[in-house]
Participant: 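Sending over a structure as structure tokens; questions will come in a sec.
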Amino acid sequence: MADPMTQSTQISSSQGLADGQNSVAAKDSKMSVKDLVHWRDPKKSGVVFGLSLLTLLSLAAFSVISVISYLLLALLCVTITFRIYKSVVQAVQKSNDGHPFKALMEKDVSIPPETFHKHVDVSLTYINRFLKQMSKLFLVEDLIDSLKLAVVMWLLTYVGAVFNGITVLILADILLFAVPPFYEKNKTQIDHYMEIARTQVNTTMAKLQEKLPGAIKRTKAE
């Protein structure tokens, strides 16, 4: 007969191994946005990219109300069809399996107040930071930074003349899933050229600052 202490040790080891496997599986099942855009799991990234691109293309062809209505209608068709199918199968087999979506219906889909307040607080932090930065730029606390913003806005006027908002979002979605893997494969060369470009921009800005009148050289508003 096995020693009780040995049995206890074996049970604890088995439980620890099972918990470790479960935690690894849970970690693998949760993918961050960074993992998706870097195509760590090609299947999941492909599904997300395909759905997002299909949604944006639909919005380019139809109104937002039409797209949302069609999506919800498609979802309803799937769930109603499956519900009728399971009811027919249960009637033929004379089984009593209950509602096919019972497990999903019993899940708590409500948002905890703590989670809601946490995300609101985080969002409020970013909003306040954005408003503070915009205030500095539009009130010209730093002349160089305000000029940079003016140049960007001027360039965006040309972008807006060529593309509409949906087209820009479609291009952004494609670039979001195309650029990260390309950057990973050519990181060394890209970083080298980016450093050269950054040096040139900093040199140009320094020369421009030297030519400005002394009273407005990157002075901060008091």
Side-chain angles (χ1 to χ4, degrees), residues 22-83 85 100-101 103-131 133-134 149 152-191 193-194 197:
N22 291 334
S23 63
V24 171
K27 181 183 258 188
D28 292 339
S29 63
K30 294 181 179 179
M31 291 190 68
S32 64
V33 176
K34 183 178 179 181
D35 294 330
L36 287 174
V37 298
H38 281 83
W39 297 80
R40 305 297 187 210
D41 188 335
K43 290 183 179 179
K44 292 182 179 180
S45 297
V47 170
V48 173
F49 174 61
L51 290 176
S52 61
L53 187 59
L54 179 61
T55 301
L56 291 174
L57 290 174
S58 301
L59 290 173
F62 306 100
S63 66
V64 177
I65 297 176
S66 297
V67 173
I68 294 176
S69 299
Y70 279 122
L71 288 175
L72 295 179
L73 182 61
L75 179 61
L76 273 174
C77 289
V78 172
T79 54
I80 291 174
T81 303
F82 185 74
R83 176 75 170 87
Y85 167 75
F101 298 118
L104 295 175
M105 293 170 62
E106 291 177 349
K107 286 188 176 182
D108 185 13
V109 295
S110 61
I111 301 177
E114 297 80 9
T115 303
F116 177 79
H117 292 309
K118 177 182 177 182
H119 288 293
V120 169
D121 292 339
V122 173
S123 302
L124 189 60
T125 301
Y126 285 110
I127 291 173
N128 289 333
R129 187 181 303 168
F130 172 78
L131 293 175
Q133 186 63 30
M134 289 298 102
L149 179 63
V152 171
M153 294 298 104
W154 178 69
L155 293 175
L156 287 179
T157 59
Y158 288 93
V159 174
V162 179
F163 306 106
N164 58 26
I166 292 297
T167 306
V168 172
L169 289 177
I170 292 173
L171 293 175
D173 186 54
I174 295 174
L175 291 175
L176 180 65
F177 284 89
V179 171
F182 177 78
Y183 174 75
E184 279 193 336
K185 293 179 181 179
N186 304 276
K187 187 176 185 301
T188 304
Q189 297 91 330
I190 293 175
D191 287 346
Y193 289 115
M194 287 293 293

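Small disclaimer: the values here were computed from a predicted structure and weren't measured.
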Participant: Within the structure provided, determine whether Gln189 and Asn186 are in side-chain contact (heavy-atom separation under 4.5 Å).
Facilitator: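 Yes - at least one pair of side-chain heavy atoms lies under 4.5 Å apart.
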Participant: Nearest heavy-atom pair of Pro180 and Val37: which atoms, and what distance?
Facilitator: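 That closest heavy-atom pairing would be CB-O, 3.6 Å.
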Participant: Does a donor on one side chain sit under 3.5 Å from an acceptor on the other, for Asp191 and Tyr183?
Facilitator: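 Their side chains do contain a donor-acceptor pair, which is all the 3.5 Å distance test asks for.
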Participant: Could you label the plane-to-plane angle of the Phe177 and Trp39 rings as parallel, tilted or perpendicular, counting under 30° as parallel and over 60° as perpendicular?
Facilitator: perpendicular
Participant: For atom CG of Leu73, decide whether the heavy atoms of other residues, nucleotides or ligands shown that lie under 6.0 angstrom number more than 12.
Facilitator: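 Atom CG in Leu73 is packed in, count exceeds 12.
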Participant: Between Thr79 (side chain only) and Leu76 (backbone N and O only), is there a donor and an acceptor less than 3.5 Å apart?
Facilitator: yes
Participant: How about CG on Leu104, more than 12 heavy atoms from neighbouring residues, nucleotides or ligands closer than 6.0 Å, or not?
Facilitator: yes
Participant: Relative to the ring of Tyr158, is the ring of Trp154 parallel (under 30°), tilted (30 to 60°) or perpendicular (over 60°)?
Facilitator: perpendicular
Participant: So which atom in Thr115 and which in Ile111 form the shortest heavy-atom distance, rounded to 0.1 Å?
Facilitator: CB-CG2, 4.5 Å
Participant: Test Phe163 against every option in Leu171, Leu169, Ile170 by the side-chain contact (heavy atoms from CB on, under 4.5 Å) rule and name the one that passes.
Facilitator: Leu171
Participant: Quick check: are there more than 12 heavy atoms from other residues, nucleotides or ligands sitting under 6.0 Å from CE of Met153?
Facilitator: yes
Participant: Kindly compute the distance separating OG (Ser58) from CD1 (Ile68), expressed to the nearest 0.5 Å.
Facilitator: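 Answer for the OG-CD1 pair, Ser58 versus Ile68, is 11.5 Å.
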Participant: May I ask you to decide whether Lys34 forms a salt bridge with Glu184, counting only side-chain N to carboxylate O separations under 4.0 Å?
Facilitator: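 Here Lys34 does not pair with Glu184 in a salt bridge, since their nearest N and O are not under 4.0 Å apart.
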Participant: Could you work out, with side chain to side chain contact (heavy atoms under 4.5 Å, CB included) as the rule, every residue matching Ser66, not counting sequence neighbours?
Facilitator: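 Per chain and number, Ser66 pairs via side chain to side chain contact (heavy atoms under 4.5 Å, CB included) with Phe62, Ser63, Tyr70.
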Participant: Starting at CG of Leu75, measure out to CD1 of Ile80 and round the result to the nearest 0.5 Å.
Facilitator: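 Leu75 atom CG to Ile80 atom CD1 measures 9.5 Å (nearest 0.5 Å).
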Participant: What's the shortest heavy-atom distance between Pro112 and Ser110, and which atoms?
Facilitator: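 Distance-wise, the nearest heavy atoms are CD-O, 3.5 Å.
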Participant: Work out which heavy atom in Asp173 is nearest to a heavy atom in Leu53; give both atom names and the distance.
Facilitator: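 Heavy-atom minimum between the residues: OD2-N, 3.5 Å.
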Participant: Tell me whether Thr55 contacts the main-chain N or O of Leu51 through its side chain, where contact means a donor paired with an acceptor under 3.5 Å.
Facilitator: yes
Participant: Judged by atom type as modelled, is there a donor-acceptor pair below 3.5 Å linking the side chain of Ser45 to the main-chain atoms of Leu36?
Facilitator: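 Flag set: sc Ser45 to bb Leu36 pair under 3.5 Å.
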Participant: Considering non-hydrogen atoms only, spot the tightest contact between Ile174 and Phe49 and give its length.
Facilitator: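 Heavy-atom minimum between the residues: CA-CE1, 4.0 Å.
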Participant: Nearest 0.5 Å, what's the CG-CD distance between Leu149 and Gln133?
Facilitator: 9.5 Å
Participant: Please tell me if the side chains of Asp35 and Asp41 come closer than 4.5 Å, counting only heavy atoms from C-beta onward.
Facilitator: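 When only atoms from C-beta onward are counted, Asp41 and Asp35 do not touch, as no gap falls below 4.5 Å.
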